[in-house]
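All figures in this text were calculated on a predicted structure; none of them were measured in a lab.
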Amino acid sequence: MQVPPTNSALPTITAPPPTAPRRHRRSKALGFAALAVSLLMAFPTAQSAFGEGVEELPGGGDLGPNVLVFDPSTPDIQGKVDEIFKKQESAQFGSDRYALMFKPGTYNNINAQIGFYTSIAGLGLNPDDTTFNGDVTVDAGWFNGNATQNFWRSAENLALNPVSGTNRWAVSQAAPFRRMHVKGGLNLAPDGYGWASGGYIADSKIDGQVAPYSQQQWYTRDSSIGSWGNGVWNMTFSGVEGAPAQSFPEPPYTTLNTTPVSREKPFLYLDGNDYKVFVPAKRTNARGTSWADGTPEGESIPLDQFYVVKPGATAQTINAAVRQGLHLLFTPGVYHVDEPIEINRANTVALGLGLATVIPDNGVTAIKVGDVDGVKLAGLLVDAGQANSETLVEVGPEGSSADHSANPTSLQDVFVRVGGAGAGKATTAMVVNSDDTIIDHTWLWRADHGDGVGWETNRSDYGLTVNGDDVLATGLFVEHFNKYDVQWNGENGKTIFFQNEKAYDAPDQAAIQNGDIKGYAAYKVADSVTTHEGWGMGSYCYFNVDPTIRQQHGFQAPVKPGVKFHDLLVVSLGGQGQYEHVINDTGSPTSGDTTVPSQVASFP
């Protein structure tokens, strides 16, 4: 959550304004025999997977009661959508999950308001296959016009002709806007231009202006926009046609012409009457949408090759489905697991609908991905259980060393929460050991509000730990962990856009002391690392329990020629605590009771 800043650093708006070479420390050679064995193991027979006489699990089937599928002839679409919104508008820590799916066609006079744990998506292969003459709206009436807690929802694969000419998507973290075509403008602030703390757009085309207004930060990737309205603290773009020119810090625009490596999120669609999941191909140095020239590149997988996971399914059954050779499609719901969900088969797709949520019991890791090629993990929320888990999401076992550069594993809209919905604990939220992994939009959040919240009650020392080499993060949101929010130990890592808040609830200076350093950096690059690069990165503090706390810096990294940062900032929200520097001992301190960022354009 973001607290509203308190001074004129943000615009006061009374009306809308006018309009690198690869390098590895480890040998990655695979002998022919080892490769042959791995290929054989990837597709076990029913006998080898389960033993004699064990019945195989069926693929496909219905999508369950919480996936609502509409076509243009469905009666009272607006009424059904409104009914879901009424249930979910303020259900921030509720247990209901919904996916609203629209078959290809044209829908008139629709205003789909999207609440918590609700996803809306078109079922065409391209966004323009499913067109709303209407809006897909997120606003903040439930929270008195403050959008800083509009989390956990999504919109995908639709074309919109907004009624007023501008669609409103006033969100904060964990609310992706993917593969959308807005035939008009896009307003990212709530009605009345109250506070908002987003956000993320990818693979989308907005014909008109994107207007952030009070949005504190935003990341847009591989998209096309008519124009961009303004900037507050950190607006970052990579591979975006129409993006504003690089100009950090005034205005605070960080603009990369292309995205080094990207792969769009898998999505469910209809091929005639048959459900399939489309898995977009990896792109290198991408710019613009993946669908601009028509049918995107990638692979279609029929639904009968998926185990359709429904509430009540156990980890044992889910793992048996993966061993059998099935992909995973999690329907909307909450899933308790008493052993890890293990994905050890290359190219497995594990896709969640409607913010499907996995909760580990008895301190296990919720999801473990093997050191294999091309796993796609997407659209899932992992919620820590009451017993401490050493990790919640683990990509590759410790010591992973295989080369996945041709076919990396990707995590997209994979969110982790520790506390908030109840007491939960985890030593580290997410660990990435596999090389070449793509982390595309994640929010790792140790809760600062809700149930089960306290310095020790929802203890979680580390948000993201990266041990793999050549890992890329695009859209990295990590907040409130007790020690390092991000610790990066692998070589040749890259992060494009980082948003962070240090833990609000630190009881005093001693509680966060890191040896002779005041506080743990939000983003720490290990002293052993020789090559690392980051763009558009911010850390904020709001020490509301003890406002006298001093944080030595937001970022910490070795001073080496290959370690480079571009466009960094730290912010003291309302003067509740202070940063002494931006990175290491570089950058001026935040000061006073105002909310003005301290910035460093480049390091070293």
Side-chain angles (χ1 to χ4, degrees), residues 92-97 117 151-152 174 309-320 322 328 330 333-344 350 352 355-370 377 380-398 411 414-433 442-467 478-487 503-507 511-512 520:
Q92 182 170 180
F93 298 109
S95 58
D96 288 338
R97 308 284 185 269
Y117 312 110
F151 312 139
W152 303 306
V309 191
K310 295 178 181 176
T314 64
Q316 291 85 352
T317 302
I318 295 168
N319 290 338
V322 175
L328 301 174
F330 290 83
V334 177
Y335 300 87
H336 282 265
V337 295
D338 58 4
E339 64 181 58
I341 295 171
E342 298 199 57
I343 302 173
N344 294 315
L355 281 295
T357 302
V358 180
I359 302 176
D361 295 328
N362 306 319
V364 302
T365 296
I367 301 173
K368 289 186 175 183
V369 178
L377 192 65
L380 293 167
L381 170 61
V382 175
D383 207 351
Q386 293 186 20
N388 185 74
S389 294
E390 193 64 26
T391 60
L392 292 171
V393 177
E394 186 176 298
V395 182
E398 186 177 350
L411 287 75
V414 175
F415 309 127
V416 176
R417 178 171 66 194
V418 183
K425 292 185 177 182
T427 303
T428 305
M430 180 182 291
V431 176
V432 175
N433 293 314
T442 191
W443 185 37
L444 312 179
W445 185 59
R446 176 183 166 266
D448 61 272
H449 64 273
D451 292 333
V453 172
W455 184 248
E456 297 296 342
T457 306
N458 62 327
R459 180 90 194 184
S460 190
D461 284 349
Y462 308 107
L464 172 67
T465 298
V466 177
N467 297 317
V478 188
E479 295 188 309
H480 306 308
F481 289 86
N482 295 76
K483 292 185 178 178
Y484 293 124
D485 296 278
V486 173
Q487 47 183 358
Y504 292 174
D505 57 345
I512 64 164
Y520 289 80

When you measure from the side chain of [X] to the backbone of [Y], do you find a donor-acceptor pair of N or O atoms at a distance under 3.5 Å?
X      : Y      : result
Asn482 : Ser460 : yes
Ser389 : Val364 : yes
Thr442 : Val414 : yes
Tyr335 : Phe330 : no
Asn433 : Asn467 : no
Arg446 : His480 : yes
Asn458 : Ala447 : yes
Asn388 : Ala426 : yes
Asp505 : Glu456 : no

Checklist entry - Among all residues two or more places apart in sequence or in another chain, which pass the ring pair (Phe, Tyr, Trp, His ring centres under 6.0 Å) test with Phe481? => result none

Next on the checklist: My understanding is that only residues two or more places apart in sequence, or in another chain, count here; which of them pass side-chain hydrogen bond (donor to acceptor under 3.5 Å, both in side chains) with Gln316?
Outcome noted: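 Testing Gln316 for side-chain hydrogen bond (donor to acceptor under 3.5 Å, both in side chains), a comparison that skips the adjacent residues, returns Thr314, Asp338, Glu339.
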
Next on the checklist: Check for me whether the distance between the ring centres of Trp152 and Tyr117 falls short of 6.0 Å.
Outcome noted: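 Aromatic pair counts; centres sit under 6.0 Å.
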
Item to check | For Ala511, all residues meeting side-chain contact (heavy atoms from CB on, under 4.5 Å), sequence neighbours excluded | outcome: Trp455, Pro507, Asp508

Checklist entry - Phe151 vs Trp443 aromatic rings, parallel, tilted or perpendicular, using cut-offs 30° and 60°? => result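 Tilted.
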
Using 0.5 Å steps for rounding, measure from the [atom1] atom of [X] to the [atom2] atom of [Y].
X      : Y      : atom1 : atom2 : value
Ile343 : Leu377 : CD1   : CG    : 5.5 Å
Phe415 : Asp383 : CZ    : CG    : 13.5 Å
Ile367 : Glu394 : CD1   : CD    : 11.5 Å
Thr357 : His336 : OG1   : NE2   : 9.5 Å
Glu479 : Leu444 : CD    : CG    : 9.5 Å

Is the closest side-chain heavy-atom distance between [X] and [Y] below 4.5 Å?
X      : Y      : result
Val369 : Leu411 : no
Thr365 : Pro360 : no
Val358 : Leu381 : no
Glu342 : Val322 : no

Checklist outcome for this item: On a heavy-atom basis, the closest approach of Thr457 and Ala423 is CG2-CB, 4.3 Å

Item to check | Closest non-hydrogen atom pair between Val418 and Gly424, with its separation | outcome: CG1-O, 3.4 Å

